[in-house]
J.: 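Questions regarding the structure given below will be posed in turn.
Here is the naming used below: chain letters follow the sequence lines, and residue numbers restart at 1 for every chain.
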Protein chains: 2
Amino acid sequence: MSKDYSKIKADFGTHIRKLRDTKNYSLRKVASQCDLDDSNISKIENGKFNIQLSTIIELAKGLEVHPSKLLDYDFGSDII
Amino acid sequence: MSKDYSKIKADFGTHIRKLRDTKNYSLRKVASQCDLDDSNISKIENGKFNIQLSTIIELAKGLEVHPSKLLDYDFGSDII
DNA sequence: TTAATTGCGGTAATATTTAACCGCATTTTT
DNA sequence: AAAAATGCGGTTAAATATTACCGCAATTAA
């Protein structure tokens, strides 16, 4: 991660938070359904972690959505 | 990554390889379009890396697809 | 007004990815 | 046949995520 991925991380976190709000799940509820700590999910939502593939899968489990949904948002000029 | 995510990594790699084959891109071609080394993309395809969010975005750039496409495959019993 | 829930920051040690090379065997192209 | 392209394994240092706690301030519920 030599480049600056703070926008990527922030946008991802915002999206995760929206998914969680949609389901009205608390951080602890999500954590209870996957192998993640609630305080760390909070950090992910607040754009502090550049999480790994395995963590994305765990999050999908906790949020009860398909993993691709976690990346299903507008990336603007970040790609292409 | 205390759990065993080898299946997750392997399946992801297989999917990436399929996406690349669909476009008929070589490893070096993909690498030229993003900030990744071709030898490391090879390792990703062969399930040797549990890559991070930023790397997924780079891969999407290199493959010219939306990031969610990289997770758009069947996870079977890995989730839910 | 108690009690419970919620979001979230801090921390430490450990484990892991990552970057950026090299070179080689095989396939493909000229 | 010669040259180029391709896939891929190996490597080491350095950067980074992760784990798994604790506790607190504020909101919500009983």
Side-chain angles (χ1 to χ4, degrees), chain A residues 1-65 67 70-71 78-79, chain B residues 1-65 67 70-71 78-79:
Chain A
M1 199 171 56
S2 51
K3 284 187 188 173
D4 175 38
Y5 290 107
S6 46
K7 176 165 171 13
I8 297 277
K9 292 190 286 182
D11 289 353
F12 179 77
T14 300
H15 178 64
I16 296 300
R17 175 61 185 252
K18 273 182 194 146
L19 286 179
R20 183 166 68 84
D21 284 346
T22 297
K23 297 225 168 191
N24 263 102
Y25 284 174
S26 70
L27 288 172
R28 285 171 175 83
K29 161 75 172 171
V30 176
S32 76
Q33 300 191 140
C34 65
D35 198 36
L36 293 174
D37 189 81
D38 65 276
S39 76
N40 290 328
I41 297 176
S42 167
K43 285 160 195 157
I44 292 168
E45 290 184 347
N46 287 97
K48 285 163 186 156
F49 281 157
N50 186 16
I51 63 174
Q52 294 168 264
L53 176 62
S54 56
T55 308
I56 291 178
I57 306 307
E58 288 296 333
L59 258 185
K61 246 190 271 185
L63 289 167
E64 296 167 340
V65 297
L70 301 200
L71 293 179
D78 295 337
I79 54 174
Chain B
M1 199 169 60
S2 50
K3 284 187 188 173
D4 175 37
Y5 289 107
S6 46
K7 176 166 172 10
I8 296 278
K9 293 190 285 182
D11 289 353
F12 179 78
T14 300
H15 179 63
I16 297 300
R17 175 61 185 251
K18 272 181 194 148
L19 286 179
R20 184 166 68 83
D21 284 346
T22 297
K23 298 225 169 192
N24 265 102
Y25 285 174
S26 69
L27 287 173
R28 286 171 175 84
K29 160 77 171 171
V30 176
S32 75
Q33 301 191 139
C34 66
D35 199 37
L36 293 174
D37 190 81
D38 65 275
S39 75
N40 289 330
I41 298 176
S42 167
K43 283 158 197 158
I44 293 168
E45 289 184 348
N46 287 97
K48 285 164 186 155
F49 280 156
N50 185 17
I51 63 175
Q52 293 168 260
L53 176 62
S54 56
T55 307
I56 291 178
I57 306 307
E58 289 295 334
L59 257 185
K61 246 190 272 187
L63 290 168
E64 296 167 341
V65 297
L70 301 199
L71 293 179
D78 296 336
I79 54 175

J.: Which residue pairs satisfy the ring pair (Phe, Tyr, Trp, His ring centres under 6.0 Å) criterion with at least one member in residues 14-35 of chain A, sequence neighbours excluded?
T.: A/H15-A/Y73
J.: Run the side chain to side chain donor-acceptor pair (under 3.5 Å) test against A/S6 and tell me which residues pass, sequence neighbours left out.
T.: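 Counting only residues at least two positions away or on another chain, A/S6 forms a side chain to side chain donor-acceptor pair (under 3.5 Å) with A/D4.
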J.: Would you please confirm or rule out a distance under 4.0 Å between OP1 or OP2 of C/dC8 and any side-chain N or O of A/R17?
T.: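 Looking at the OP1 and OP2 atoms of C/dC8, one of them is under 4.0 Å from a side-chain N or O of A/R17.
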J.: Atom NZ of B/K9 and atom C1' of C/dT18: how far apart are they, to the nearest Å?
T.: 14 Å
J.: Roughly, in whole Å, what's the span from OH in B/Y5 to P in C/dT17?
T.: 13 Å
J.: Examine distances only and state if a side-chain atom of B/Q52 and a backbone atom of A/N50 form a donor-acceptor pair shorter than 3.5 Å.
T.: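 Present.
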J.: Any side-chain heavy atom of B/L53 sitting closer than 4.5 Å to one from A/Y5?
T.: no
J.: Tell me: CD of A/E45 to C1' of C/dG7, nearest whole Å?
T.: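 After rounding, the reported distance stands at 9 Å.
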J.: Can you check each nucleotide of nucleotides 9-14 of chain C against protein heavy atoms at under 4.0 Å and return B for base, S for sugar-phosphate only, - for none, in 5' to 3' order?
T.: BBB---
J.: What is the separation between atom CD1 on B/I41 and atom C1' on D/dG9, rounded to the nearest whole Å?
T.: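 Taking atom C1' of D/dG9 as the reference, CD1 of B/I41 is at 16 Å.
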J.: For B/K23, which residues count as a salt bridge (charged side-chain N to carboxylate O under 4.0 Å, His left out) partner, sequence neighbours excluded?
T.: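 Residues passing salt bridge (charged side-chain N to carboxylate O under 4.0 Å, His left out) with B/K23: B/E64.
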J.: Return the value, rounded to whole Å, for the distance between atom CD of A/E58 and atom P of D/dA17.
T.: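 Answer to the nearest Å: 18 Å.
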J.: Which residues pass the side chain to side chain donor-acceptor pair (under 3.5 Å) test with A/K7, not counting sequence neighbours?
T.: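 In terms of side chain to side chain donor-acceptor pair (under 3.5 Å), with neighbours along the sequence ignored, A/K7 is linked to A/D11.
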J.: By side chain to side chain donor-acceptor pair (under 3.5 Å), which residues pair with A/K29, not counting sequence neighbours?
T.: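 By the side chain to side chain donor-acceptor pair (under 3.5 Å) rule, A/K29 matches A/Q33.
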J.: Measure the angle between the two terminal helix axes of the helix from C/dA13-D/dT18 to C/dT30-D/dA1, five base pairs each, and quote it to 10°.
T.: 30°
J.: According to side chain to side chain donor-acceptor pair (under 3.5 Å), who are the partners of A/N24, at least two apart in sequence or on a separate chain?
T.: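 For A/N24 there are no side chain to side chain donor-acceptor pair (under 3.5 Å) partners, ignoring immediate neighbours.
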J.: In whole angstrom, what separates A/I44's CD1 from D/dT18's C1'?
T.: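 Atom CD1 in A/I44 sits about 10 Å away from atom C1' in D/dT18.
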J.: In whole angstrom, what separates B/I51's CD1 from D/dT16's P?
T.: 17 Å
J.: Going by heavy atoms closer than 4.0 Å, what residues in residues 21-30 of chain A are next to DNA chain C?
T.: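 Within residues 21-30 of chain A, the residues near DNA chain C are A/S26, A/L27, A/R28.
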J.: In Å, rounded to the nearest 0.5 Å, how long is the span from CG of A/L71 to CG of B/L71?
T.: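 Here the interatomic distance stands at 5.0 Å.
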J.: Among residues at least two apart in sequence or on other chains, which ones pass salt bridge (charged side-chain N to carboxylate O under 4.0 Å, His left out) with A/D37?
T.: none
J.: According to a strict under-4.0 Å criterion, is A/Q52 in side-chain N/O contact with OP1 or OP2 of D/dT18?
T.: yes
J.: Applying salt bridge (charged side-chain N to carboxylate O under 4.0 Å, His left out), can you list everything that pairs with A/R20, at least two apart in sequence or on another chain?
T.: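 Applying salt bridge (charged side-chain N to carboxylate O under 4.0 Å, His left out) to A/R20 gives A/E45.
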J.: Just the rounded figure in Å: distance from C1' of D/dG7 to CD1 of B/I16.
T.: 16 Å
